[in-house]
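When reading the values below, keep in mind they use all heavy atoms of this one structure, side chains included, and skip hydrogens, waters and symmetry mates.
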Amino acid sequence: MITGASSGIGRELAGQALAAGESVVAVARDAAKLADLGPAERLLTISADVRDESAVRQAVEQAVARFGRIDVLANNAGYGVFGAVEEAADIQARALFDTNVFGVLNVLRAALPVLRAQRSGHILQGSSIFGQTAAPGFGMLAASKYAVEGLSDALALEVAPLGIKVTLVQPGPTATAFGANVDPAQGAHTDYDATVRAPQADTPASSAAKVAEGIRAAVADPNPPRRLALGVVSANAMREALTARLADLDTWAAVSEKVDA
Ligand SMILES: NC(=O)c1ccc[n+]([C@@H]2O[C@H](COP(=O)([O-])OP(=O)(O)OC[C@H]3O[C@@H](n4cnc5c(N)ncnc54)[C@H](OP(=O)(O)O)[C@@H]3O)[C@@H](O)[C@H]2O)c1
């Protein structure tokens, strides 16, 4: 079952699963965009907005009614807001969280009873290079993805004893409609031109097909990772961010320890 299956990474994931002979429940806001994904006998298409809890519940009910179980759940639907933290309007920040965080939670609350009853399943949580790192202009997106990472770390520990696996999917820049769907912050201020709107070196984008192949490799593995960086840009950024965090811990260890001395 894949949310955000109409475009980009979700669409590739759905196409590859169908091509491999698997059955797919594809979800997007307009199911008309999903009809051409593959053969109707193994494809169920559903119109549901992840922000609509009852629509998501109905989608899960339809999935189970059709296929009897959910083996893999890709909680993939999402979009971005671009601009300095101060520049994003309250309504934009809240709307982003409605899809990227509360939408993810809606999908989890609807599907987890099914996975718990099965005592099996693999949840792929849609994170990002901005799930553990951030850059000027990406604060709101990173806030939503860090939220997904935090809840997923707890979730993974909660559901592991119930036979359910959780993997945070962390693509780097990927050639999809994501950029075109970005909501630009409403309150642009020239003070942020030098950071947020500084000319960027052209970052090579991974292909959505290769990203989907990476995700499928983790699904096929009996011991999938908690986090999966996809693409060299993401992997390098994660390594740099984690190294910097360790350096802070080490440099400030005396102050940390003095608290309990
Ligand atoms: N592309 C990148 O560089 C990149 C990098 C890191 C992480 N990611 C993450 O990968 C995931 C997929 O993004 P993508 O790159 O494939 O972008 P995309 O091509 O824009 O696809 C986004 C998908 O999300 C769906 N969606 C958005 N809002 C929705 C809502 N409220 N309800 C239901 N579906 C909704 C869209 O479906 P409809 O609009 O048809 O409903 C679409 O299928 C996102 O979570 C994104 O944050 C992308």
Side-chain angles (χ1 to χ4, degrees), residues 3-4 8-10 13 73-85 88 93 96-97 99-105 107-108 122-160 165-176 178-179 182 185 195-196 198 200-201 203-206 208 210-219 221 223-253 256:
T3 68
I9 296 167
L13 211 46
L73 173 68
N75 215 342
N76 162 76
Y79 74 101
V81 166
F82 183 79
V85 169
L96 186 70
F97 272 66
T99 294
N100 288 14
V101 181
F102 298 115
V104 161
L105 287 169
V107 173
L108 287 175
H122 190 173
I123 301 171
L124 305 168
Q125 291 283 74
S127 184
S128 163
I129 182 175
F130 295 124
Q132 285 188 77
T133 67
F138 293 98
M140 284 303 119
L141 177 58
S144 71
K145 297 298 186 182
Y146 274 52
V148 169
E149 294 245 346
L151 71 89
S152 300
D153 273 333
L155 176 74
L157 298 173
E158 291 160 1
V159 299
K165 299 167 188 169
V166 178
T167 296
L168 282 152
V169 174
Q170 301 171 318
T174 307
T176 68
F178 188 86
V182 158
T195 47
V196 170
Q200 298 291 317
T203 316
S206 307
K210 287 283 182 66
V211 166
E213 282 172 24
I215 296 169
R216 286 177 56 74
V219 170
D221 197 288
N223 295 304
R226 174 78 60 83
R227 290 179 165 77
L228 181 63
L230 291 156
V232 174
V233 173
S234 180
N236 286 347
M238 294 293 171
R239 195 174 300 281
E240 200 179 311
L242 293 173
T243 305
R245 283 184 202 177
L246 280 176
D248 271 352
L249 261 183
D250 291 342
T251 306
W252 289 84
S256 300

Applying side-chain contact (heavy atoms from CB on, under 4.5 Å), run through Asn75 and Val148 and close with a yes or a no. CA-CA 10 Å; Asn75 215 342; Val148 169; over 6 Å; no
Quick one, Leu13 with Asn76, criterion side-chain contact (heavy atoms from CB on, under 4.5 Å). Give me CA distance, side-chain angles, the key distance, then yes/no. CA-CA 10 Å; Leu13 211 46; Asn76 162 76; 5.7 Å; no
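Taking CZ of Phe130 as the start and OG of Ser234 as the end, the distance is 9.5 Å to the nearest 0.5 Å. Rounded to the nearest 0.5 Å, atoms CE (Met140) and CZ (Phe97) are 7.0 Å apart. For the atom pair Phe178 CZ and Leu141 CG, the distance stands at 4.5 Å (nearest 0.5 Å). To the nearest 0.5 Å, the span separating OG1 on Thr167 from CD on Gln125 amounts to 9.5 Å. To the nearest 0.5 Å, atoms CZ (Arg227) and CD (Gln132) are separated by 4.5 Å. Rounding to the nearest 0.5 Å gives a distance of 8.5 Å between CD1 of Ile9 and OG of Ser206.
In terms of heavy-atom proximity, Thr3 sits nearest to Ala77 at OG1-N, 3.0 Å. Minimum interatomic distance between Leu228 and Gly214 (heavy atoms only, all atoms of both residues): CD2-O, 3.6 Å. Heavy atoms only, all atoms of each residue included: Val196 and Ala84 are closest at CG2-CB, 3.7 Å. For the pair Ala175 and Ala205, the tightest heavy-atom approach, listed with the atom from each and the gap, is N-CB, 3.8 Å. In plain terms, the two heavy atoms of Met238 and Ala229 that are nearest each other are CG-CB, 4.3 Å. The two atoms that bring Leu151 and Leu108 nearest to each other are CD1-CD1, 3.8 Å, heavy atoms only.
The side-chain heavy atoms of Leu157 and Arg226, taken from C-beta on, include a pair separated by under 4.5 Å. By the 4.5 Å heavy-atom criterion applied to side chains, Leu230 and Thr174 are not counted as neighbours. With a 4.5 Å cut-off on side-chain heavy atoms, Gln170 and Lys145 do not count as touching. The shortest distance between side-chain heavy atoms of Thr176 and Val211 does not fall below 4.5 Å. No side-chain heavy atom of Thr133 sits less than 4.5 Å from a side-chain heavy atom of Glu240.
Side-chain atoms of Asn100 come within 3.5 Å of backbone atoms of Tyr79 as a donor-acceptor pair (strictly under, hydrogens ignored).
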